[in-house]
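Numbers for residues simply follow the sequence, beginning at 1.
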Amino acid sequence: MALELLHLRRDLLDPRPGTQHPPQQPWTPGEILARHRRGIGFLLRHLLPAADGGGSYFMCPAEGRVLETALTLRLLEKEGLEPEWREQLRGFLAKNIERADLISKPIGLAALGREHRGALQNLAQLMAGLEYARRRKYAFLVMLLSEAGLVTLEEVGLGPEYFSDEAHHRFSRLYGAALRLIYGRRRGVALDRQKDIEFLRKAQGLEGGWEQQTLITILAILGMGREHECFAPGLEFLKRMTREDGGIAFCDNQNVWLAALGGLALQTAGRITKPAQRTIADYLLSRQHLNGGWAFTEGVVQTDTDCSANSLQMLIELDPERYAMTIERGQEYFLRLQRPDGGYPTYEIEGESEVTMTANIVLAQSLWMEQDPRLLEPVRRACRYLVLRQKGDGRFEKSWSLSESYSIFRTLWALDKCRESVPELPLQSLYQSAAEYLLDTQHADGGWGQKDSLPSDGLSTAYSLSALCIARRYLPIEAARIDRAVSHLVSQQDPESGEFFSVPDLVGPRPIPFDVTLLSTVFSALALSFAAHALTDRP
């Protein structure tokens, strides 16, 4: 269907007034794909066979993080345990404390015995940016600061009512049980103590942790105490999660989620990576849960719509006939989760709808509508939700990424796939508003930061470049803008290995960031594929 091009504001098609941009040579699709191939080669070198023979996944463990390292150090000091391990933890904190986030830095400084002021101001700044489960998150963050000795429960007025909100997904239920136990110990009150202890006891994994997350594990054993049978295996789990540099990671890995995203990146390389794509698909098939969804890695009970949507998209685009039964189960999983407003949550239907989760599901559903016409109406409802959630400046709320442009990219990608199915919606104006925001926030170096005030980074540039390339199919965006973005992105690539570098971008639990380094290469490879296609009209 021919689409009428809308005229973008002239000042957004040219460099910002008053700024000097370095001259860029136009990139040809061939030159871009050469860089793309280097990134794909790096990904392929990280593809390993699963231990059970069920396909292949990308090996890229999460990096150590200040928060869990500091809390573990305080726990060991409190119990008088593991002096050598404690020194290892202190070494990591001393090297990494200055790069920590607003909540982790004061906790890390306290663990090192250094003075830090302004913990409550940091808390207020973090809370101002949160959009979901604000009361539960406030109680969670306060308890972390309290455990570090930075605030008292009395000075913040944290009462039992803050732990009464009913959580529906497994992660929040585990956090809630652990925090109630800690609060009860501190205040000398019993808040469902036996019920919470029994819930945590039954939920502990065979490897000693809870849902493969160290933060839940730390809080659980703090709440139950050293005398409980869960304490020792929980501590052993934390020891196994200690990296070579002494830091403790938030989670060991995100193998399933990265397998799906990495599989999508490999599919942009075509036939050359087909065997690898098949082995990744086999891995995803073996990790689908009985409810039809996927969890972010092995050993995690709670499924989520983000991992599930990316897994489903990868399988549909690879071979819809071969994986039809798995795809149908995944589609049924999504249909059970759509909320009355048309959106989708991350975990359970009782949760709040989120833009990025909704966009990811819309994309997976739109690819399957020909096989299942029932999906048309859910897709229309979800697209209406997306349109209504766009902000006046073209952005959407942030999700599990720190970057403003991630939700823009995922939304435009989804709507591009189902545009003809929802002709009644004002998608053209949505595209125009999003593109104007991206063009207006492109930095002089050609890249983007996680927000306009921050320096350019690889992942934010990859998201923004992808979104602009999609928007260029419908809007007159100058090729020079794409050239500048490509130039910045490839400047973040190691010319020898092909790896792309970036600042940490994931958050878990929100809003605390952690780093999985392979992610920057996955999304950069996707972005370069978009760019090569966007510039095919260039001689």
Side-chain angles (χ1 to χ4, degrees), residues 62-71 74 93 96-111 114-153 155-159 161-163 165 167 169 171-172 175-176 178-179 182-183 213-216 218-219 248-251 346 351-352 354-356 391 395-407 449-455 457 459-460 503-515:
E63 300 292 301
R65 190 163 73 168
V66 165
L67 178 62
E68 286 80 2
T69 307
L71 292 174
R74 290 189 66 88
L93 290 177
N96 294 277
I97 193 67
E98 294 305 322
R99 296 187 290 112
D101 59 273
L102 286 172
I103 201 74
S104 301
K105 186 173 183 178
I107 293 174
L109 288 171
R114 301 181 192 174
E115 183 179 3
H116 179 80
R117 298 176 181 176
L120 287 178
Q121 289 87 340
N122 290 3
L123 174 64
Q125 185 175 339
L126 284 175
M127 289 301 302
L130 287 178
E131 302 198 39
Y132 305 108
R134 290 177 57 83
R135 190 161 94 156
R136 284 206 309 271
K137 194 68 67 172
Y138 176 76
F140 164 73
L141 294 173
V142 165
M143 290 300 287
L144 292 182
L145 295 175
S146 173
E147 191 59 36
L150 292 165
V151 301
T152 66
L153 302 182
E155 70 180 300
V156 295
L158 193 69
E161 69 276 6
Y162 280 88
F163 303 96
D165 287 358
H169 65 81
F171 301 146
S172 283
Y175 278 121
L179 291 173
I182 296 172
Y183 181 87
Q213 294 186 30
T214 55
L215 189 52
I216 295 177
I218 293 167
L219 295 175
I248 297 180
F250 163 63
C251 60
T346 297
E352 297 169 275
E354 300 186 36
V355 166
T356 309
K391 298 179 181 180
R395 293 177 299 150
F396 299 89
E397 78 234 24
K398 289 189 291 187
S399 182
W400 294 93
S401 163
L402 293 171
S403 179
E404 298 277 10
S405 57
Y406 181 67
S407 56
Q450 291 179 338
K451 55 184 180 180
D452 193 22
S453 59
L454 293 177
D457 67 82
L459 275 167
S460 297
V503 297
D505 180 55
L506 300 174
V507 286
R510 290 184 280 200
I512 308 171
F514 70 102
D515 194 14

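Identified under the salt bridge (Lys or Arg N to Asp or Glu O under 4.0 Å) test for residues 138-150, with sequence neighbours left out: E147-R186. Annotation: salt bridge (Lys or Arg N to Asp or Glu O under 4.0 Å) contacts involving residues 129-139, sequence neighbours excluded, comprise R135-D165.
With hydrogens and angles ignored, the 3.5 Å screen pairs no side-chain donor or acceptor of R65 with any backbone N or O of C251. Under the 3.5 Å distance criterion, the side-chain polar atoms of E352 are matched with a main-chain donor or acceptor of A133. A donor-acceptor pair under 3.5 Å is absent between the side-chain atoms of Y183 and the main chain of F163, judged by distance alone. For the pair S407 (side chain) and T356 (backbone), a donor-acceptor distance under 3.5 Å is absent.
Annotation for S401 and V507: closest pair N-CG2, 4.3 Å, computed over non-hydrogen atoms. The two residues T69 and I248 have their closest heavy-atom pair at OG1-N, 2.9 Å. When all heavy atoms of I107 and L150 are compared, the closest pair comes out as N-CD1, 3.7 Å. Nearest heavy-atom pair across G108 and L93 is O-CD1, 4.3 Å. Pairing each heavy atom of L402 with each of P504, the nearest pair is CD1-O, 3.9 Å. Nearest heavy-atom pair across S403 and S460 is OG-OG, 3.0 Å.
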Let me have the donor-acceptor pairs involving side chains of residues 115-123, under 3.5 Å, with sequence neighbours excluded, atom names and distances please.
residue, atom, partner, partner atom, Å
E115, OE2, R117, NE, 2.9
E115, OE2, R117, NH2, 3.1
N122, ND2, L102, O, 3.0

Apply side-chain contact (heavy atoms from CB on, under 4.5 Å) to residues I97 and L109 and explain how you reach the verdict.
CA-CA 7 Å; I97 193 67; L109 288 171; 3.8 Å; yes
Dump the intermediate steps for salt bridge (Lys or Arg N to Asp or Glu O under 4.0 Å) on R510 and E354, then the final yes or no.
CA-CA 13 Å; R510 290 184 280 200; E354 300 186 36; 2.8 Å; yes
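Exactly one residue among L126, I103, L506 makes a side-chain contact (heavy atoms from CB on, under 4.5 Å) with I512. That residue is I103. Each of W400, F250, F514 was scored for a side-chain contact (heavy atoms from CB on, under 4.5 Å) with P509, with one residue passing: F250.
Using a 4.5 Å heavy-atom threshold, the side chains of K105 and V66 count as separate. Side chains of M143 and Y175 form no contact here, defined as non-hydrogen atoms less than 4.5 Å apart. Looking only at side-chain heavy atoms (C-beta outward), L130 and Y138 stay at 4.5 Å or farther from each other. Counting only heavy atoms from C-beta outward, the side chains of L67 and L144 approach each other to under 4.5 Å.
For the atom pair CD1 of I216 and OG of S172, the computed distance is 8.5 Å after rounding to the nearest 0.5 Å. In this structure, the separation between CD on Q213 and CD1 on I218 is 11.0 Å, given to the nearest 0.5 Å. In this structure, the separation between CG on L215 and CZ on F140 is 4.5 Å, given to the nearest 0.5 Å.
Comment: K391 does not engage E397 in a salt bridge, judged by the lack of any side-chain N to carboxylate O separation of less than 4.0 angstrom.
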